[in-house]
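Everything numeric in this text was worked out from a predicted model, so none of it was measured. In what follows, every chain begins at residue 1, and chains take the letters A, B, ... in the order their sequences are listed.
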Amino acid sequence: MELSSLSIGELHEKLLRREIRVKDIVEDSLKSIEKKEDQINAFIEVFRDEALERARELDIILEEKKNLPLLFGIPIAIKDNINVKGHSTTCASRILLGYKSLYHATVVERLLNEGAVIIGKTNMDEFAMGATGEYSYFGPTRNPHNPEFSPGGSSSGSAAAVAAFEAVASLGSDTGGSIRLPAAYCGVVGLKPTYGRVSRYGLVAFASSLDQIGPIAKSVEDTARLFVTIAGYDPMDSTSMNLEVPTIEELLSSEDVKFTLGIPDVLDEANIEESVGKKFDEVLRFFEREGLKLKRISLPHIKYSVEVYHLIVTSEASSNLARYDGVRYGFREDADTLENMYIKTRSQGFGPEVKRRIMLGTFALSHGYYDAYYLRALKVRRLIKNDFLEAFKDVDLVILPVAPSPPPRIGETTDPVSLYFLDIFTSPANLTGFPAISLPSGRMEFNLPTGFQLIAPSFREDLLFKIASFYEKGHGFGLH
Amino acid sequence: MENKLEPVIGLEIHIQLNTETKLFCKCKNEYGATPNTHICPVCLGYPGALPVLNEEAVRLALKVALALHADIHKLSRFYRKNYFYPDLPKGYQITQYTESLATGGYIEIETSKGYKRIRLERMNIEEEAAKSIHTDTGEVLLDYNRSGIPLLEMVTLPDMNSPEEARTFLEKLRLILRYLEVSECDMEKGELRVDANISLRKPGEKLGVKVELKNLNSFKSVYDGLNHEIERQKKILQGGGTVIQETRLWDEYKKETRTMRVKEEAHDYRYFPEPDLPPLVVRDTEIEELKKTLPELPDEKLKRFVSQYNIGKDQARILSLNKNLADYFERAAQVAEDKRLLANWINVEILGYLNENNLGIQEFRIHAEELGEFLNYVSRGKLSYNMAKDIFKKTLYNEESLKHLLEEALSSTISSQELEKIINKVLEENQELVEKFRNGKTGVLGALIGKVMKETRGRADARKVKEILESKIGSPKT
């Protein structure tokens with residue numbers, strides 16, 4: 001049995017009983033990577049030597065330990081848009097080739113403080129722009145459940161690495177569904193925390209007002225361990241909130257789940273594929289059977305989410321990605337003039353989807369268009385949030401599928417706009433800032449997993465974890 | 001006269017705030033350090049770095065807003081101004097835009113036609129770009145020490161009507177900023193930078209087409225550049241032509257302005273609210289606290305000096321033009337009995353010396369209290385003004401101690417009894433002059449004073465001699 005297939009709690013029991021050492025866990029993880037990477041391509045960089053060295057250090061500490069810090073000795077993979085000091089952070093882009101991180105992202109520091117072992121940096125859609133993991137300078141990541149198919153994106157490698165037992169857990173980032181979608185497609189748990197809950201310091205910005213770092217893991221408890229580790233105020237991120245983070249025990253007590261779940265009316269009109277819809281209905285029936293109330297809610301503006309999302313995302317991205325100019329770090333293509341250097345560097349450094357979004361965003365922010373596009377998008381964004389706030393007066397949580405369709409085959413989708421609509425159910429949580437968790441709900445055709453998500457009011461991750469634990473215990477993820 | 005054209009001038013000013021650290025990171029804000037030593041992921045625009053607002057910079061900016069009577073906005077916002085340039089590490093500058101820190105306010109200046117208020121449009125906080133250094137070999141070197149230094153941007157309304165007024169305004173602004181200790185405003189170091197908008201119109205008519213003038217690196221170049229640009233526009237307009245809206249550079253060496261870019265080439269900066277920073281909220285309590293820390297400003301000080309010390313307005317003005325000098329005066333005035341003498345002494349003897357030697361009052365060797373005591377010898381008549389002047393000069397130029405020279409002079413100063421004796425002697429020997437004086441030829445008094453001074457070998461105070469002589473020989477008959 002692969003050790004990485006165990007939960008963190010199980011591994012800690014084995015460590016405390018001295019049945020295994022950290023070295024065994026790390027070696028197992030590395031072995032798994034070695035065996036599967038050719039096919040899955042979840043990693044851009046594997047920290048082989050560093051991880052083994054860290055394991056040695058932790059094993060020395062282990063000797064005196066009776067209680068273990070939350071992530072002690074646990075191999076964790078980090079999406080390659082999060083800075084880990086001394087390593088490259090490529091964002092799966094040519095333009096960052098040669099860039100080396102001078103500092104740890106706040107989340108990385110916090111993981112290390114809880115004893116985690118950083119096992120490597122994971123593949124992704126370039127600058128987190130994509131939903132299938134195919135827009136990577138390093139080639140697509142493949143779904144561990146069926147390599148013909150996409151693992152979902154943009155945190156493609158982070159979800160695939162956990163599903164393939166290459167790492168015990170991972171961090172991804174979610175701007176419009178980039179944690180939840182690959183988590184659902186790979187059959188693992190993914191959490192997008194409330195905007196402002198987790199520090200973005202060290203996360204390469206894609207759309208600053210939407211980006212959140214979050215955990216991906218096999219179980220709800222593992223997810224909670226990562227969440228409480230990385231959450232909390234950081235003076236280095238002015239948008240992080242100074243609020244108390246619940247403890248693991250508070251998050252996982254699932255006694256009191258007499259929740260009312262809101263089912264948005266948008267589901268009536270949405271184009272949901274049958275296989276996905278069937279699994280979603282099964283989940284609803286489970287909750288109903290267990291005595292939770294289901295209530296239809298009206299979210300009249302949610303149908304504009306994709307459009308609003310893409311205007312905001314491309315606008316912010318066009319500005320956030322301006323720093324990749326070849327002047328200070330990363331890829332540069334020299335030319336006779338400064339302007340030509342900019343043009344060549346950026347034309348050759350960025351991939352097609354990134355360039356498409358930079359151009360769209362540049363246009364949306366242009367003089368004369370700003371009011372019609374960006375400002376208007378901000379107003380509708382507010383309306384979408386108001387819809388949810390209104391709904392949360394009647395229901396505790398909102399339940400939705402993660403994506404309207406199952407994972408696409410790799411290479412199958414050529415139309416970028418159709419991919420944008422994979423975000424239809426996930427982007428509202430980013431636009432509103434609300435936390436959302438994606439949970440597996442079984443398998444469909446071709447052995448492929450699917451999932452559903454729950455959305456809670458701001459900073460009520462506790463509600464998400466309570467119902468997730470309840471579901472995990474009562475229903476299971478349906479993957480075995 | 002109907003052809004007379006009136007210049008209309010507005011200024012856009014950037015002031016580096018002298019905070020400990022930069023606007024959005026903890027790097028030191030220091031001029032002249034080894035290039036690229038005060039840098040970090042934030043001010044280098046490294047991937048993943050985020051800005052955190054330096055509250056000290058906000059406080060300094062608010063002090064300026066308060067001192068200039070501006071309306072401080074309880075909520076202002078940061079925006080991104082997007083453009084590509086190697087000195088701009090993030091590809092955008094974090095600045096304020098439509099929701100400014102403060103709007104309105106004014107500075108009162110004295111012009112040939114009396115007092116005039118130059119109104120301010122807005123004040124914004126923003127970050128400085130890195131410094132580009134162009135080498136002789138055509139390379140561009142970048143020093144990111146400057147990247148992220150806090151700037152206060154200030155825009156005036158077009159309320160100035162001559163280069164003199166613009167210069168006077170800037171001098172006054174610099175004075176106030178120095179009083180507030182928010183910036184030294186050294187233009188050579190780039191701590192104060194000025195762009196000018198200038199157009200001409202017939203008085204009473206609507207504003208003409210404006211030209212933005214850049215590269216004004218000193219108050220003199222503001223003055224010269226505006227003068228040249230006014231002449232250039234005059235020639236165009238009087239020749240029946242039209243001025244084009246453009247940005248022009250002032251060339252200090254060639255003494256001309258030339259086109260930098262025309263309006264069509266203007267950037268589209270694609271401003272949008274900075275998502276990495278929450279809105280800037282200023283609380284009333286914060287403003288009240290800051291008000292308490294505001295120092296007395298130059299205009300108030302001038303008025304107080306006139307009323308409190310009974311000195312002349314011109315002298316008070318000179319003293320208030322420099323906060324350190326004013327402080328020096330006030331410290332000396334605690335000791336000196338004759339405030340007018342003190343003010344005069346500082347303005348004539350000390351400022352002359354300082355200017356000649358290019359020194360500041362902080363570098364002046366003689367302490368204020370020492371000066372006060374010294375001048376009391378003069379006001380009490382123990383030392384003549386001229387002797388005091390000599391001693392003072394000797395002290396300054398020969399680096400001799402003032403105390404020592406003073407003691408030496410006092411010991412050689414003639415005593416009252418001796419002086420009385422000499423005066424009696426002179427009067428006796430010059431009965432005919434005394435008679436002439438009494439008959440109305442008052443001019444002879446000078447001759448008598450001269451004789452007494454000669455007898456005392458200059459050790460007596462001429463004023464005192466005059467007083468004694470007058471009392472002894474009485475008034476002329478009329």
Side-chain angles (χ1 to χ4, degrees), chain A residues 81-83 89-91 96 99-106 127 196 199-205 207-211 234-240 312 315-316 318-330 338-339 341-342 346 361-370 374-375 378, chain B residues 23-26 36 39-55 77-94 97-98 129-130 132 134 138-144 147 266-281:
Chain A
N81 59 352
I82 297 170
N83 280 276
T89 300
T90 67
C91 294
L96 272 166
Y99 163 72
K100 230 178 199 143
S101 301
L102 299 174
Y103 66 104
H104 280 319
T106 300
F127 283 101
S199 169
R200 293 183 294 120
Y201 190 75
L203 167 68
V204 178
S208 313
S209 73
L210 303 160
D211 296 341
D234 176 13
M236 296 298 278
D237 175 1
S238 309
T239 61
S240 84
I312 291 171
S315 295
E316 291 184 11
S318 74
S319 173
N320 281 331
L321 272 61
R323 65 187 65 193
Y324 310 109
D325 57 6
V327 173
R328 290 165 310 283
Y329 48 77
L338 174 68
E339 192 176 327
M341 187 279 279
Y342 282 153
R346 289 170 64 84
T362 303
F363 175 76
L365 288 177
S366 296
H367 187 74
Y369 296 99
Y370 177 82
Y374 188 74
L375 205 59
L378 289 186
Chain B
L23 186 55
F24 295 120
C25 61
K26 291 273 176 9
N36 297 314
I39 51 172
C40 75
V42 176
C43 57
L44 282 177
Y46 266 51
L50 294 171
V52 177
L53 182 61
N54 177 351
E55 286 174 13
R77 219 179 276 277
F78 288 99
Y79 275 73
R80 289 187 184 177
K81 178 180 181 179
N82 295 283
Y83 64 96
F84 285 97
Y85 206 70
D87 66 11
L88 194 68
K90 299 188 293 298
Y92 55 84
Q93 179 196 30
I94 303 178
Y97 181 51
T98 48
S132 304
H134 298 262
E139 286 171 316
V140 181
L141 305 177
L142 292 159
D143 180 4
Y144 289 93
S147 168
H267 285 295
D268 179 356
Y269 291 117
R270 307 193 312 280
Y271 286 96
F272 76 103
E274 166 57 282
D276 287 331
L277 291 169
L280 172 54
V281 177

_Quick check on Leu321(A) against chain B: is it the side chain, the backbone, both or neither that has a heavy atom closer than 4.5 Å?_
neither

*For Leu210(A), is it the side chain, the backbone, both or neither that has a heavy atom under 4.5 Å from a heavy atom of chain B?*
neither

*For Arg200(A) against Leu50(B), the heavy-atom pair lying closest together*: C-CD1, 3.7 Å

*Can you tell me how far the CE atom of Met236(A) sits from the NZ atom of Lys26(B), to the nearest 0.5 Å?*
7.0 Å

_Can a donor-acceptor pair be found, under 3.5 Å and without considering hydrogens, that links the side chain of Tyr99(A) to the backbone of Tyr46(B)?_
no

*Heavy-atom distances under 4.5 Å only: say whether Ser101(A) touches chain B with side chain, backbone, both or neither.*
neither

*With sequence neighbours excluded, tell me which residues meet salt bridge (charged side-chain N to carboxylate O under 4.0 Å, His left out) with Arg80(B).*
Glu274(B), Asp276(B)

*Side chain of Ser238(A), backbone of Pro51(B): donor and acceptor closer than 3.5 Å?*
yes

*Is any side-chain heavy atom of Glu316(A) closer than 4.5 Å to a side-chain heavy atom of Phe272(B)?*
yes

*What are the two closest non-hydrogen atoms of Val52(B) and Asp237(A), and how far apart are they?*
CG2-N, 4.5 Å

*Note, Tyr329(A) side chain near Pro47(B) side chain (heavy atom, < 4.5 Å)*: yes

*Closest approach of Tyr370(A) and Pro273(B), non-hydrogen atoms and distance?*
OH-CD, 3.2 Å

_Does any backbone or side-chain atom of Tyr201(A) lie under 4.5 Å from a heavy atom of chain B? Answer side chain, backbone, both or neither._
both

*Look at Asn320(A), Leu96(A), Asn81(A) and state which one has the largest set of heavy-atom pairs under 4.5 Å with chain B.*
Asn320(A)

*asked:* Is the shortest side-chain heavy-atom distance between Val327(A) and Tyr85(B) below 4.5 Å?
replied: no

_Residue of the set Ser208(A), Ser319(A), Ser315(A) for which side-chain contact (heavy atoms from CB on, under 4.5 Å) holds with Pro275(B)_ = Ser208(A)

*Count the heavy-atom pairs under 4.5 Å between each of Phe84(B), Tyr83(B), Tyr269(B) and chain A, then report the option with the highest count.*
Phe84(B)

*asked:* Using heavy-atom distances under 4.5 Å, tell me whether Asn83(A) contacts chain B through its side chain, its backbone, both, or neither.
replied: side chain

*Is there side-chain contact between Tyr92(B) and Arg323(A), with heavy atoms separated by less than 4.5 Å?*
yes

*Check whether Asp211(A) gets within reach of chain B through its side chain, its backbone, both or neither, counting any heavy atom under 4.5 Å.*
neither

*asked:* Counting only non-hydrogen atoms closer than 4.5 Å, does Leu203(A) touch chain B with its backbone (N, CA, C, O), its side chain (CB onward), both, or neither?
replied: backbone

_Pro41(B), part contacting chain A, at a heavy-atom distance under 4.5 Å_ = side chain

